[in-house]
Amino acid sequence: MVEAGSAFDAWWGWPPPVLDPAGPYADSVTTLAWVLFGLGVIVTLIVVAAVYLAVNGSKRTKSKLGGERAVWIGGIAFPGIVLTILLVWGLALTASLTKTPTGDEMRVRVTGHMWWFDVEYLDSAGNVVLRDSNELHLPVGEPVVIELASADVIHSFWVPNLSGKEDMIPGRVNELLVQADKAGRFGGICAEYCGGPHALMGFVTVAHGSSEWREWWKDRTRSLPGIADQDVPGETVVLASNPATPPDLNPLDGRQLFMNSGCAACHRVAGTEANGLAGPDLTHVGNRLSLGAGILPNNRGTMMGWIGNSQSIKPGNRMPNYDMLSADELEAIAIWLEQQK
Amino acid sequence: MMGNLALGPRRAMTLGTAIALCAGLDACKAPPESRYVSDPADARHGLEVIERVGCGACHEIPGVGWPEGNAGPSLRGFDDFGPIAGQLPNTPTNLAAFVRNAPLAKPGSPMPAMPLSVAEARDVAAYLHGLDDG
Ligand SMILES: [Cu+2]
């Protein structure tokens, strides 16, 4: 699933590039940004030219520049007209960003925590169908409503490739429409300072083409009871059976170590007794592209390094270091987590 | 304080003399910094492997920008003198064995085994031993 790449390329979609729209909502934001930038450049050039003429121009130019007419035209009429046009055009352009959802869109609730994201896929009645963390999967070409919430302080949800930012405010639910028009991985970040390692609070968005999306949904919901074919958002499929996971050489029982080391008190792994809610859901952590909320590629080394000493990687995060685990214990837990797909 | 200040210029002069002598005689090769000189292609592949399996999550490693965790010691300045992890003779074979399965190479080592093939481990060792080749 994960291709090789050099260390900090955005090959798992993070950190996200701005000004590279991959869907209609990001498109209008990017257009607006470029037009504002262009106008800013033109106005700056005019001002610089005026200053130059005011210093080096002929006597006639200088007196013209200093006259009342110049103030009326350059200082009031010009900005008044330009800004009015810009306001009307800008509002028209971005009207789609605040469009009310029709109600048919796929819905995902994303809840900001210090300093990671909880992701819940909802059915049309608003019930949670599937829970995941730090990763958001979408079908290409479909508008998706993101219900933005917060578990603690104000965060802000931003996938620059797909939309503008929107705040996640405690006690409120804000709705944001996003849409990806091409398949790919798009990084997201928290765009509102929320203390501590805020700068290391990210997530990865993955947009799938329709057949890949069907596969993904099928795979994620295969073990869930009561998920019928017609429940796949926008698709009709047949459920796949659960593929077996390969055994490993480490003799220790990673599952048991996970349950007995306190991990289960903070993390949920569906189908086990691990039911903690203080940290990210690890039910599908073996399929996660990233670890540490979007900041690390997911591999054996980062998994063990995170568990053993996450504080040296993401200082201040709310998971304690597990430096008391032996090498074999650490490896066994990592192997077991890798199998949680 | 005063003593230090007074010493300064004298030290500088000795150093200056040494440099002048070296330049004149062309005989002051630095002492050998490396016993094992790595093949650059192997070392380059070793770095790719290091990034793929995530050694940086536990070690600061030159050439790996992110992450720089410190569950394990920094490998900045790691060279081929001195024992590996305070115990194993520092040879390419031992280093390759250690990075692949540390608890097997050094019983009780807190570094877990890593998912490397024998050939990958050899290239990783080549990269680490190449750090001081200058
Ligand atoms: Cu934040």
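Only a predicted model underlies this, so the values are computations on that prediction, with no experimental measurement involved. Labels below follow one simple rule: chain letters A, B, ... track the order of the sequence lines, proteins then strands, and each chain is numbered from 1. FYI, side chains are in, hydrogens and waters are out, and symmetry mates aren't considered; it's all heavy atoms of this structure.
In this pair, His198(A) and Tyr193(A) present their aromatic rings perpendicular. The plane angle is above 60°, beyond the 30 to 60° band. Relative ring orientation between Phe117(A) and Phe157(A) is described as perpendicular, the plane-to-plane angle rising above 60° on a 0-90° scale split at 30° and 60°.
Within residues 98-112 of chain B, the residues having any heavy atom less than 4.5 Å from a heavy atom of chain A are, in residue-number order, Pro103(B), Ser109(B), Pro110(B), Met111(B), Pro112(B). Inspection of non-hydrogen atoms places Asn309(A), Ser312(A), Ile313(A) of residues 306-316 of chain A under 4.5 Å from chain B.
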Determine all donor-acceptor pairs shorter than 3.5 Å in which one atom belongs to a side chain in residues 272-280 of chain A; sequence neighbours excluded.
from      : atom 1 : to        : atom 2 : distance (Å)
Thr272(A) : OG1    : Val269(A) : O      : 2.8
Thr272(A) : OG1    : Ala274(A) : N      : 3.0

Side-chain donor-acceptor contacts of residues 251-262 of chain A below 3.5 Å, not counting sequence neighbours, with atom names and distances?
from      : atom 1 : to        : atom 2 : distance (Å)
Asp253(A) : OD1    : Arg255(A) : N      : 3.1
Asp253(A) : OD1    : Gln256(A) : N      : 3.3
Asn260(A) : ND2    : Gln256(A) : O      : 3.4
Ser261(A) : OG     : Leu257(A) : O      : 2.5

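Heavy-atom minimum distance, Leu162(A) versus Ala22(A): CD2-CB, 4.2 Å. His137(A) and Arg220(A) get closest at one heavy-atom pair: NE2-NH2, 4.4 Å.
Under the 3.5 Å distance criterion, with hydrogens and angles disregarded, no donor-acceptor pair is assigned to the side chains of His284(A) and Asp281(A).
Taking the side chain as every heavy atom from C-beta outward, Asn299(A) and Arg52(B) never approach each other to under 4.5 Å. Counting heavy atoms from C-beta outward, Phe78(B) and His129(B) have side chains that approach closer than 4.5 Å.
Of the charged side-chain nitrogens involved, at least one lies within less than 4.0 Å of a carboxylate oxygen, so that Glu60(B) and Arg76(B) count as a salt-bridged pair.
Interface residue Asp328(A): only side-chain heavy atoms are found under 4.5 Å from chain B.
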